[in-house]
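Read the numbers this way: they start at 1 and go in the same order the structure lists the ligands and their atoms. FYI, side chains are in, hydrogens and waters are out, and symmetry mates aren't considered; it's all heavy atoms of this structure.
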Amino acid sequence: MKPRPSGGAFECVMKIVVTGAKGTIGQAVARYAAAQGVQVLAVDNVGRGDGEGGYLAADLTDLGQCCEVLHGADAVINLAAVSAALLYPGAQTLMTNVAITYNVCMAAVLVGVPRVVWASSVQVFHSYPTVRRAQYRYFPVDEEHPNDPQNEYALSKVLGEQIAEYFARQHRLTAVSLRLPEVVPPEMWADLPRPIEPWEHSPLPHYVHLEDCARACFLAATVSLPPATHHVVLITAEDTSADIPTRELIQRYYPEAEVRAALPDFASLLSGKRAEVLLGFRAAHRCHA
Ligand SMILES: NC(=O)c1ccc[n+]([C@@H]2O[C@H](COP(=O)([O-])OP(=O)(O)OC[C@H]3O[C@@H](n4cnc5c(N)ncnc54)[C@H](O)[C@@H]3O)[C@@H](O)[C@H]2O)c1
């Protein structure tokens, strides 16, 4: 924490590095964190820095650059990544994402940043696009549900979670892997709820509003957590983005799955319990009245 003069005294200001800060989620997280009074260093590999220390251009596949941008921070929220399948060849997506996740964790250890938060994805158990139909054992899906990565993007998230676990055990890092669903920005909010695609390979209609997502990332970086622990946490709105009730949706697409909770009306198919208990996070936005 950096001391900052405040009315004659000094108060400590937390410093958070937000990577992928030119991206959809990174911009919202950097804005939200700054509004909470935190000192933010925004980092991305787009363009060049602002020359004032607020934005730095860096390629996070390079460990040396990672170390330099993380120096002096209290936490890093790592949102830099190839953010979907089919944007680049699979190998490029996998190598880039694994390199960034590893480098951010290693740099945090090397320069003494105690907390790493990063964006995993619900695609660990339901990739998009998929090859096979996703198999759900039970609903609501929680963090213990088996994974089934079906492309290199999803595989990079599974491996990223293992990297975070490794650093918590081997290097006493405190890490949070946030499994994000579709993150819906305000300009797309009016499209929800929407018809569920009549295609067995389409993703589950899970989502979270961008503002809720930014708050979840900030909470994951700032709430008190035991040192040297790694937490996988699902983030979700409390409802689905589908225009059919949840029970009907399960019956139509996943009749073989065990239903472990009431799931009335349009209740989410994902469990937000761990996010609530661990981070104190509940989504404020829902698309159904
Ligand atoms: N948007 C979603 O719906 C969603 C859902 C689940 C998970 N996620 C994950 O959240 C994270 C952020 O997603 P987003 O939607 O904001 O993606 P985005 O593509 O808008 O932003 C990603 C940013 O990372 C930067 N980046 C890529 N490679 C880099 C490198 N080598 N060094 C530095 N910066 C680099 C890009 O320039 C980009 O600005 C990603 O990890 C993504 O996989 C997103």
Subject >> Residue list, side chain to side chain contact (heavy atoms under 4.5 Å, CB included) with Glu187, at least two apart or on another chain >> reply: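 For Glu187 the side chain to side chain contact (heavy atoms under 4.5 Å, CB included) partners, ignoring immediate neighbours, are Pro185.
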
**OP:** Answer yes when Glu182 and Arg194 have at least one side-chain N-carboxylate O distance shorter than 4.0 Å, and no when they do not.
**Re:**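 Salt bridge present between Glu182 and Arg194.
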
Subject >> Electrostatic pair Glu248:Arg252 at N-O distance under 4.0 angstrom >> reply: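 Salt bridge between Glu248 and Arg252, a charged N being under 4.0 Å from a carboxylate O: yes.
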
Subject >> Short side-chain donor-acceptor distance under 3.5 Å, Tyr128 and Asn151 >> reply: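 Asn151 vs Tyr128: no donor-acceptor pair found between side chains.
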
Original post:
Just wondering, are more than 12 heavy atoms of other shown residues or ligands nearer than 6.0 Å to CE in Met95?
Top reply: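 Counting neighbours around CE of Met95, 12 or fewer heavy atoms of other residues, nucleotides or ligands fall under 6.0 Å, so no.
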
Subject >> Under 4.0 Å from ligand 1 - residues by heavy atom, chain and number >> reply: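 Answer by chain and number: Gly20, Lys22, Gly23, Thr24, Ile25, Asp44, Asn45, Val46, Ala58, Asp59, Leu60, Thr61, Leu79, Ala80, Ala81, Ser83, Ile100, Ala119, Ser120, Ser121, Tyr153, Lys157, Leu180, Pro181, Glu182, Val183.
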
**OP:** Please say which of His231, Gln162, Glu165, His230 ends up in a side-chain hydrogen bond (donor to acceptor under 3.5 Å, both in side chains) with Ser177.
**Re:**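 Output: one option passes, namely His230.
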
